[in-house]
Novice: 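Let me begin by handing over the structure; questions about it come next.
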Amino acid sequence: MKKRLKYIINGILLIMTAVLIYTASTAFSIWSYGNVDEKCKADAAIVLGAATYNGKVCPVFAERINHGVWLYQQGYVKKLILTGGYGKGNQLSDSYTAKLYAEAQGVPSKDILIEEKSTLTQENIMYAKELMEYENIKTVIFVSDPLHMKRAMLIATAAGIEAYSSPTPTSRYVSLKSKLTFLKKEMILYTAYKILTRVSFYHSCYTLSYLY
């Protein structure tokens, strides 16, 4: 009985250690990836959405758009793809409000594409990809807050998009508390996405093996 209890305790400790190691490595990976800037010549910049209120972009979204505009003005990209659907109570979509904001900074309307259906990061990317295919856009730079980039690029890669990361240098998440809160959220969503993707992959393999 004591021997069995010892095995159980050791097993629990092993699991806890594995969880702690995974949590620490994932946190470090997300944090450090946010410092990676791969900006280069590309066809367009995809600016991942954030909230808007009554026709005004929130400070977080403003900084993301500002960086997208900067990439455009510096000649890194020829077009901006702005993402975001309709928030609760909004008459204008987040992406259309972002378009007006970018136009006010001198970006011509003809060089701005918007998708107005998404509510989540994965949808931002999925609908942006549809625009890419329609406009024959091959390469893109993704723009978002530093701690958001690891998950965004994971989703982009899974979608088969040739993408480069360029996080906002002026993120509104500046205090340690706000960064840690954002990091915690991203760790959960990043891990959940990886698990769901893997489960979906194995399910597809099982289905194919059953059919054939």
Side-chain angles (χ1 to χ4, degrees), residues 2-39 45-51 58-65 67-68 83-85 87 94 118-129 140-207:
K2 289 183 178 180
K3 192 174 183 180
R4 185 179 179 184
L5 181 61
K6 183 179 179 181
Y7 281 136
I8 292 173
I9 293 173
N10 287 339
I12 293 172
L13 290 174
L14 185 63
I15 292 171
M16 290 176 64
T17 301
V19 169
L20 286 173
I21 292 172
Y22 175 81
T23 300
S25 62
T26 300
F28 177 77
S29 176
I30 292 172
W31 189 285
S32 59
Y33 195 89
N35 296 318
V36 175
D37 193 334
E38 303 173 324
K39 62 178 175 291
I46 295 178
V47 180
L48 296 178
C58 72
V60 169
F61 202 6
E63 296 304 331
R64 295 181 186 182
I65 303 165
H67 189 48
T83 64
D94 294 341
S118 65
T119 57
L120 306 168
T121 298
Q122 193 167 352
E123 292 176 350
N124 286 164
I125 295 170
M126 178 179 70
Y127 293 126
K129 185 184 178 184
V140 293
I141 299 173
F142 271 88
V143 175
S144 190
D145 287 270
L147 294 175
H148 193 199
M149 296 308 304
K150 180 76 172 179
R151 180 164 62 96
M153 292 297 288
L154 176 67
I155 297 170
T157 299
I161 299 174
E162 184 178 342
Y164 303 91
S165 171
S166 187
T168 59
T170 51
S171 173
R172 284 289 176 154
Y173 296 94
V174 291
S175 69
L176 181 60
K177 181 179 179 180
S178 64
K179 286 182 178 180
L180 289 177
T181 300
F182 197 170
L183 178 61
K184 180 181 177 180
K185 173 187 171 185
E186 282 302 311
M187 286 173 60
I188 293 170
L189 293 174
Y190 177 81
T191 301
Y193 180 81
K194 290 190 73 174
I195 292 172
L196 290 174
T197 301
R198 185 162 296 182
V199 168
S200 177
F201 172 75
Y202 284 123
H203 177 72
S204 298
C205 290
Y206 175 79
T207 302

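In this chain, residues are counted from 1 in sequence order.
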Novice: Glu63 side chain to Ser171 main-chain N or O, any donor-acceptor pair under 3.5 Å?
Specialist: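 Not at all, since once roles are kept as given, no pair shorter than 3.5 Å links the two residues.
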Novice: Side chains of Leu183 and Met187: does their closest heavy-atom pair fall under 4.5 Å?
Specialist: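 Yes, at least one pair of side-chain atoms sits under 4.5 Å.
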Novice: Tell me, with the steps shown, if Ser29 and Lys150 meet side-chain contact (heavy atoms from CB on, under 4.5 Å).
Specialist: CA-CA 8 Å; Ser29 176; Lys150 180 76 172 179; 3.1 Å; yes
Novice: Using modelled atom types only, decide if a donor and an acceptor are shared between the side chain of Ser25 and the backbone of Tyr22 within a distance under 3.5 Å.
Specialist: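 A pair under 3.5 Å: yes.
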Novice: What is the minimum heavy-atom distance between Phe61 and Asp94, and which atoms define it?
Specialist: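 Looking at all heavy atoms of both residues, the closest pair is CE2-O, 3.6 Å.
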Novice: Could you report the tightest heavy-atom contact between Trp31 and Lys179, atom names first, then the distance?
Specialist: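 Minimum heavy-atom contact is CH2-CD, 3.9 Å.
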Novice: CE of Met16 to CG of Leu14: how many Å apart, nearest 0.5 Å?
Specialist: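 Interatomic distance, Met16 CE to Leu14 CG, rounded to 0.5 Å: 11.0 Å.
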Novice: If you round to the nearest 0.5 Å, how far is OG of Ser165 from CE of Met149?
Specialist: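 Here the rounded value is 3.0 Å.
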Novice: So which atom in Ala128 and which in Ile46 form the shortest heavy-atom distance, rounded to 0.1 Å?
Specialist: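 Closest approach of Ala128 to Ile46: CB-CD1, 3.8 Å.
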Novice: Starting at CD of Glu123, measure out to CD1 of Ile155 and round the result to the nearest 0.5 Å.
Specialist: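 One gets 10.5 Å once the value is rounded to the nearest 0.5 Å.
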Novice: Any chance you could measure Thr157, atom OG1, to Glu162, atom CD, to the nearest 0.5 Å?
Specialist: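 Thr157 atom OG1 to Glu162 atom CD measures 10.5 Å (nearest 0.5 Å).
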Novice: Pro146 and Pro167: which non-hydrogen atoms are nearest, and at how many Å?
Specialist: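 In terms of heavy atoms, the two residues are closest at CA-CB, 3.7 Å.
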Novice: Under the 3.5 angstrom rule, does the side chain of Ser166 hit a backbone N or O of Glu38 as a donor-acceptor pair?
Specialist: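 No: the side chain of Ser166 does not pair with the backbone of Glu38.
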Novice: Enter the distance from Ile125:CD1 to Leu48:CG here, rounded to the nearest 0.5 Å.
Specialist: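 One finds 5.5 Å between CD1 of Ile125 and CG of Leu48.
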Novice: Calculate, to the nearest 0.5 Å, the distance between atoms CG and CD1 belonging to Leu20 and Ile15 respectively.
Specialist: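 CD1 of Ile15 is found 12.0 Å from CG of Leu20.
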Novice: Looking only at heavy atoms, what is the nearest atom pair of Leu154 and Lys194, with distance?
Specialist: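 For Leu154 versus Lys194, the nearest heavy atoms are CD2-CG, 3.7 Å.
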Novice: Tell me whether Glu186 contacts the main-chain N or O of Phe182 through its side chain, where contact means a donor paired with an acceptor under 3.5 Å.
Specialist: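 No, the answer is negative, given that no donor and acceptor are paired below the 3.5 Å cut-off.
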Novice: Can you tell me if Asp145 uses its side chain to pair, donor with acceptor, with the backbone of Leu147 under 3.5 Å?
Specialist: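 A pair under 3.5 Å: no.
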Novice: Would the distance check show the side chain of Arg64 and the main-chain N or O of Gly49 forming a donor-acceptor pair, the cut-off being under 3.5 Å?
Specialist: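 Judged by distance alone, yes, a pair lies under 3.5 Å.
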Novice: Would you name the heavy atoms of Tyr190 and Arg151 that are closest together and state the gap between them?
Specialist: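 It is N-CD, 3.7 Å.
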